[in-house]
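Along the sequence shown, residues are numbered consecutively beginning with 1. These values consider heavy atoms only, across backbone and side chains, with no hydrogens, waters or symmetry-generated copies.
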Amino acid sequence: MANQVLVEISARHVHVSKADLETLFGKGYELTVKKELSQPGQYACEERVKVIGTKGEFPAVSILGPCRNATQVELSLTDARSIGVNAPVRESGDIEGSGTCKLVGPCGEVEIPCGVIAAKRHIHATTADAEALGITNGEIVSVEIPTSNGRNLTFGDVVCRVNDSYALAMHIDTDEANAAGMAPNTMGTIVK
């Protein structure tokens with residue numbers, strides 16, 4: 001069917017800077033690939049860190065690699081509330097003025113002054129994918145999620161991110177997936 005995109009569920013995770021990785025795991029430490037992710041060059045790591053808020057903590061949150069320029073923690077809004085952190089809805093990388101937390105690893109801890117967000121739902125697409133789907137970089141669309149459990153849902157405010165380093169997929173968090181009662185390998189339909 002036309003205008004369809006695979007919808008993937010993104011659970012809580014952490015992206016770390018090289019400096020913070022070394023504080024958490026030791027000088028010269030390198031991330032260990034556990035599994036490749038759908039986006040080229042991205043991977044889940046064996047390494048996990050404790051994420052601590054003002055009301056609670058998650059004891060073992062996955063790190064996604066490779067290292068980034070700035071440390072970023074991506075939580076669902078439910079996750080953020082449960083541990084007492086502010087997580088504004090933002091596009092990945094837009095962390096200025098976002099939430100704070102403490103990260104603890106086996107060799108040290110880091111207080112991040114900003115970087116906790118709830119990722120804005122988005123579609124990754126190559127230039128060719130975008131052309132075929134009739135979308136453009138930065139465009140906001142809606143995506144219908146069909147389910148067989150009576151919880152059909154249309155997500156609005158889905159930002160399109162177009163870059164030839166991407167693979168076609170939509171990303172939502174666990175709160176959003178649960179609201180739709182979504183199963184793995186669900187295809188959504190882009191609606192303008």
Chemist: Between Glu8 and Ser38, is a side-chain hydrogen bond (donor to acceptor under 3.5 Å, both in side chains) present by the stated rule, with each step listed?
Modeler: CA-CA 9 Å; Glu8 297 178 325; Ser38 66; 2.7 Å; yes
Chemist: If you round to the nearest 0.5 Å, how far is NE2 of His15 from CG of Asn69?
Modeler: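 Between Asn69 CG and His15 NE2, I get 12.5 Å after rounding to 0.5 Å.
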Chemist: Hydrophobic side-chain clustering at under 4.5 Å (ILVMFWY, transitive links): who's grouped with Leu75? Put none if nobody.
Modeler: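 Val14, Val16, Leu21, Leu24, Phe25, Tyr29, Leu31, Val33, Tyr43, Val49, Val51, Phe58, Val61, Ile63, Val73, Ile83, Val85, Leu103, Val110, Ile112, Val116, which link up through side-chain heavy atoms under 4.5 Å apart, make up the rest of the cluster.
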Chemist: Let me see the working for Thr126 and Asp129 under side-chain hydrogen bond (donor to acceptor under 3.5 Å, both in side chains), right down to the final yes or no.
Modeler: CA-CA 5 Å; Thr126 64; Asp129 292 329; 2.9 Å; yes
Chemist: Are any of the side-chain heavy atoms of Lys18 and Glu30 separated by less than 4.5 Å?
Modeler: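 Counting from C-beta outward, Lys18 and Glu30 do come under 4.5 Å.
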Chemist: Verify the neighbour count for atom NZ of Lys192: are there more than 12 heavy atoms of other residues, nucleotides or ligands below 6.0 Å?
Modeler: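 Check passes, neighbour count above 12.
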Chemist: State, to 0.1 Å, how close Gln72 and Gly93 come at their nearest heavy-atom pair, and which atoms those are.
Modeler: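 Answer, listing the atom of Gln72 first, then Gly93: OE1-N, 2.8 Å.
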Chemist: To the nearest 0.5 Å, tell me how far Gln4 CD sits from Thr186 OG1.
Modeler: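 Nearest 0.5 Å value for the CD-OG1 distance: 10.5 Å.
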Chemist: Are Arg68 and Ser17 packed together at the side-chain level, in the sense that at least one heavy-atom pair is separated by less than 4.5 angstrom?
Modeler: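 No, their side chains stay 4.5 Å or more apart.
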Chemist: Taking side chain as C-beta onward, heavy atoms only, is Ile52 less than 4.5 Å from Val104?
Modeler: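 In short, these two side chains touch, coming nearer than 4.5 Å.
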Chemist: In the structure I gave you, are the side-chain heavy atoms of Val5 and Ile190 within less than 4.5 Å of one another anywhere?
Modeler: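 Counting from C-beta outward, Val5 and Ile190 do come under 4.5 Å.
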Chemist: Run the salt bridge (Lys or Arg N to Asp or Glu O under 4.0 Å) check on Glu46 and Lys34 step by step: do they pass?
Modeler: CA-CA 5 Å; Glu46 294 288 348; Lys34 179 178 183 178; 5.1 Å; no
Chemist: I'd like to check Gln42 versus Pro66 (side-chain heavy atoms, cut-off strictly below 4.5 Å). Are they in contact?
Modeler: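 SC-SC contact between Gln42 and Pro66 confirmed.
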Chemist: Measuring from atom CG of Leu77 to atom OG of Ser82, what distance do you get when rounded to the nearest 0.5 angstrom?
Modeler: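 So the gap between those two atoms works out to 11.0 Å.
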Chemist: Is it true that a side-chain atom of Lys55 and a backbone atom of Arg81 form a donor plus acceptor pair closer than 3.5 Å?
Modeler: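 Pair found, side chain donor or acceptor close to backbone of Arg81.
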Chemist: Show your working on side chain to side chain contact (heavy atoms under 4.5 Å, CB included) between Lys120 and Arg90 and close with a plain yes or no.
Modeler: CA-CA 5 Å; Lys120 185 174 180 78; Arg90 301 271 185 88; 5.9 Å; no
Chemist: Within the 3.5 Å criterion, strictly below it, is a donor on Asn3 or Thr189 matched to an acceptor on the partner's side chain?
Modeler: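 No, no side-chain donor-acceptor pair sits under 3.5 Å.
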Chemist: How long is the gap from NE2 on His122 to CD1 on Ile140, to the nearest 0.5 Å?
Modeler: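 With rounding to 0.5 Å, NE2 (His122) is 12.0 Å from CD1 (Ile140).
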Chemist: If you measure from the Lys or Arg side-chain nitrogens to the Asp or Glu carboxylate oxygens, is any gap between Glu22 and Lys27 under 4.0 Å?
Modeler: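 Salt bridge flag = yes for Lys27 with Glu22.
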Chemist: Tell me whether Glu36 at atom CD has more than 12 heavy atoms from other residues, nucleotides or ligands lying less than 6.0 Å away.
Modeler: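 Check passes, neighbour count above 12.
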Chemist: Tell me the closest heavy-atom pair linking Ala130 and Ala125, and the distance in Å.
Modeler: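 Heavy atoms of Ala130 and Ala125 come nearest at N-CB, 4.1 Å.
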Chemist: Measure the shortest side-chain to side-chain distance between Ser92 and Arg161 over non-hydrogen atoms and say whether it is less than 4.5 angstrom.
Modeler: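 They are in side-chain contact.
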Chemist: Counting C-beta onward and ignoring hydrogens, is there a side-chain heavy-atom pair between Val159 and Ile123 closer than 4.5 Å?
Modeler: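 Not in contact.
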Chemist: Which atom names give the shortest non-hydrogen contact between Glu139 and Gly134, and what distance separates them?
Modeler: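 Where Glu139 meets Gly134 most closely, the heavy atoms are OE1-O, 3.9 Å.
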Chemist: Run the side chain to side chain contact (heavy atoms under 4.5 Å, CB included) test on Val141 and Val191 for me, step by step, so that the C-alpha distance in whole Å, both residues' side-chain angles and the decisive distance to 0.1 Å come before the verdict.
Modeler: CA-CA 6 Å; Val141 298; Val191 180; over 6 Å; no
Chemist: So, Ser98 side chain and Asp94 main chain: donor-acceptor pair closer than 3.5 Å or not?
Modeler: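 No.
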Chemist: Strictly by ring-ring contact (aromatic ring centres under 6.0 Å, His included), give each pair with a member in residues 126-169 just once, sequence neighbours left out.
Modeler: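 Pairs touching residues 126-169 that pass the test: His124-Tyr166.
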Chemist: Provide the closest heavy-atom pair for Pro88 versus Gly99 in the form atom of the first, atom of the second, distance.
Modeler: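 Smallest heavy-atom distance, with atoms named: CD-N, 3.9 Å.
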Chemist: Let me check something: do Leu153 and Ile9 share a hydrophobic cluster, defined by ILVMFWY side-chain heavy atoms less than 4.5 Å apart, either directly or through other members?
Modeler: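 Yes: a chain of side-chain contacts under 4.5 Å links Leu153 to Ile9.
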Chemist: Let me see the working for Thr154 and Val143 under side chain to side chain contact (heavy atoms under 4.5 Å, CB included), right down to the final yes or no.
Modeler: CA-CA 5 Å; Thr154 299; Val143 177; over 6 Å; no
Chemist: Ser10 and Asp173: side-chain donor and acceptor closer than 3.5 Å?
Modeler: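 Asp173 and Ser10 do not have a side-chain donor-acceptor pair below 3.5 Å.
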Chemist: State whether a side-chain donor-acceptor pair under 3.5 Å links Asp164 with Thr127.
Modeler: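 Distance-only check passes for Asp164 and Thr127.
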Chemist: From His171 NE2 over to Leu37 CG, what is the distance, rounded to the nearest 0.5 angstrom?
Modeler: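 Interatomic distance, His171 NE2 to Leu37 CG, rounded to 0.5 Å: 8.0 Å.
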Chemist: So, do Arg121 and Glu176 sit near enough that their side-chain heavy atoms are less than 4.5 Å apart?
Modeler: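 With C-beta onward as the side chain, the pair touches.
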Chemist: Is any side-chain N of the basic residue among Lys50 and Glu57 closer than 4.0 Å to the acidic one's carboxylate O?
Modeler: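 Yes.
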Chemist: Ignoring hydrogens, what is the shortest heavy-atom contact between Ala87 and Ala80? Give both atom names and the distance.
Modeler: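 Looking at all heavy atoms of both residues, the shortest contact is CB-CB, 3.6 Å.
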Chemist: If hydrophobic clusters are built from ILVMFWY residues whose side chains come within less than 4.5 Å, do Met170 and Leu6 share one?
Modeler: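 Shared cluster, no.
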Chemist: Should Met182 and Val158 be regarded as members of a common hydrophobic cluster, given that ILVMFWY residues are connected when their side-chain heavy atoms come within less than 4.5 Å of each other, either directly or indirectly?
Modeler: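 Both belong to a single hydrophobic cluster.
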Chemist: What verdict does the side chain to side chain contact (heavy atoms under 4.5 Å, CB included) test give for Val7 and Ile145, after you've listed the backbone C-alpha separation in whole Å, the side-chain angles of each residue and the deciding distance to 0.1 Å?
Modeler: CA-CA 8 Å; Val7 183; Ile145 307 295; 3.7 Å; yes
Chemist: Between Arg48 (side chain only) and Ala60 (backbone N and O only), is there a donor and an acceptor less than 3.5 Å apart?
Modeler: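 Present.
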